[in-house]
Each structure stands twice: as structure tokens, then as C-alpha cells.
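Report on one structure; see the data block that follows.
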Amino acid sequence: QVQLVESGGGLVQAGGSLRLSCAASGRTFSSYAMGWFRQAPGKEREFVSAISRGGVSAYYANSAKGRFTISRDNAKNTVYLQMNSLKPEDTAVYYCATSSRYSINEYEYAYWGQGTQVTVSS
């Protein structure tokens, strides 16, 4: 069992930045790939970014490329999502999740956090 707790969300103006954190319980954090997903009101949850177990590889949705950076600190059992140049369309609840595979597919992620709200005003 893995427990994930996201933090760092909030209200920011367009063009601003936020850094989301996701703290994981347990001693096996480094054995999981990690992902960030988001769900906007009235929309389905969508992939944002993923990072491999060792943090060497990362993948981004087109909407996040060039603006978001995913990273992880396995010593702290934490994954981060640095979000720059935020846009109103980035407004959503952001979730982190664990997977045994480095994947962009939501169904491959077994454990999920409760989410953190990001609101970008225009």
C-alpha cells in the first residue's frame, strides 16, 4: 500500500508559476514510476507528465511541454511538478500516482493521491 499526499496548489495569475509536491509513504518509492494527471471541471482526467524510477526519463503531454518540469527526490520520497507560464486552461485538480511501469496510461497507475487544486486566473 502506498499513500500519496499532494500539496502546492493554489490560485495564481496567468503567466505565474507553482510547484506541486507529492509525498509518498513507504520504503519502496524508488521502485515506482510516478505520474501527474489533472482533471478540469466537466472534463475527463488527463495525463500531464511521468517520470521513471530513477528520474532519468520524463515524458510530457503536449500541453505541458516547455512549461512544466517533473522531477523526483527518492531520498525524500517526493515527486515534484514545476509549472511555469501557467494559463487559465491549466486550471484543474492535479493528482499524482504511482505505477510499476513508466507509462502515460492512467489505467497503469495503481495508487493515487487526493489531488490538489490549481486555479489560474486570467
Side-chain angles (χ1 to χ4, degrees):
Q1 186 84 11
V2 177
Q3 292 186 326
L4 304 172
V5 179
E6 300 98 335
S7 61
L11 173 63
V12 64
Q13 288 188 333
S17 298
L18 284 173
R19 188 175 83 151
L20 306 183
S21 299
C22 172
S25 65
R27 295 175 292 178
T28 59
F29 178 74
S30 60
S31 66
Y32 293 104
M34 298 296 297
W36 285 97
F37 294 78
R38 67 185 183 186
Q39 187 167 22
K43 295 187 177 181
E44 293 186 351
R45 190 158 55 188
E46 65 176 5
F47 169 79
V48 176
S49 183
I51 190 166
S52 59
R53 294 178 182 85
V56 174
S57 300
Y59 191 81
Y60 298 92
N62 287 336
S63 59
K65 285 180 182 176
R67 300 188 301 126
F68 294 3
T69 302
I70 191 171
S71 62
R72 67 189 295 164
D73 186 337
N74 286 343
K76 295 183 178 180
N77 282 13
T78 302
V79 63
Y80 305 96
L81 186 68
Q82 177 68 43
M83 305 187 294
N84 299 327
S85 302
L86 283 162
K87 305 174 182 180
E89 51 263 45
D90 294 317
T91 295
V93 177
Y94 283 71
Y95 300 90
C96 66
T98 68
S99 176
S100 59
R101 295 184 59 185
Y102 174 49
S103 172
I104 68 170
N105 295 312
E106 180 178 341
Y107 64 84
E108 296 201 76
Y109 285 79
Y111 297 101
W112 294 78
Q114 82 290 349
T116 185
Q117 176 70 47
V118 171
T119 302
V120 184
S121 64
S122 58

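The basis for the numbers below is simple: all heavy atoms, side chains too, and nothing from hydrogens, waters or symmetry mates.
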| request: Measure from NZ or CZ of Arg19 to the centre of the six-membered ring of Tyr80, then state whether that distance is under 6.0 Å and the direction lies within 45° of the axis. | output: yes

| query | Between Ser57 and Ser52, is there a donor-acceptor pair closer than 3.5 Å when you use the side chain of the first and the backbone of the second? | reply | no

| message | Membership question, hydrophobic clusters at under 4.5 Å side-chain separation (ILVMFWY): are Tyr95 and Val2 in the same one? | response | no

| Under 3.5 Å donor-acceptor, Ser30 side chain and Asn74 backbone | no

| request: Please check if Leu18 and Phe68 belong to a single hydrophobic cluster, counting links between Ile, Leu, Val, Met, Phe, Trp and Tyr side chain heavy atoms closer than 4.5 Å. | output: yes

| said: Against the six-membered ring of Phe29, is Arg72 placed for a cation-pi contact (under 6.0 Å from the centre, within 45° of the normal)? | reply: yes

| said: With a 4.5 Å cut-off on side-chain heavy atoms, are Arg38 and Glu46 touching? | reply: yes

| request: Measure the shortest side-chain to side-chain distance between Ile51 and Val79 over non-hydrogen atoms and say whether it is less than 4.5 angstrom. | output: yes

| said: Using a 3.5 Å distance criterion without hydrogens, assess whether the side chain of Tyr32 forms a donor-acceptor pair with backbone atoms of Tyr102. | reply: no

| Between Thr116 and Glu6, do the side chains contain an N or O donor and an N or O acceptor separated by less than 3.5 Å? | no

| Side-chain (Thr69) to main-chain (Gln82) donor-acceptor, under 3.5 angstrom | no

| query | Is there a donor-acceptor pair under 3.5 Å between the side chain of Thr98 and the backbone N or O of Met34? | reply | no

| task | Would you confirm whether Arg45, through its side chain, and Val93, through its main-chain N or O, come within 3.5 Å as a donor-acceptor pair? | result | no

| Thr78 and Asp73: side-chain donor and acceptor closer than 3.5 Å? | no

| remark: Tightest non-hydrogen contact, residues Ser122 and Ala14, listed as CA-CB, 4.4 Å

| message | A quick test of your reading: do over 12 heavy atoms of other residues, nucleotides or ligands sit less than 6.0 Å from CD of Gln117? | response | yes

| task | For the pair Phe37 and Trp112, name the ring-plane relationship: parallel under 30°, tilted 30 to 60°, perpendicular over 60°. | result | tilted

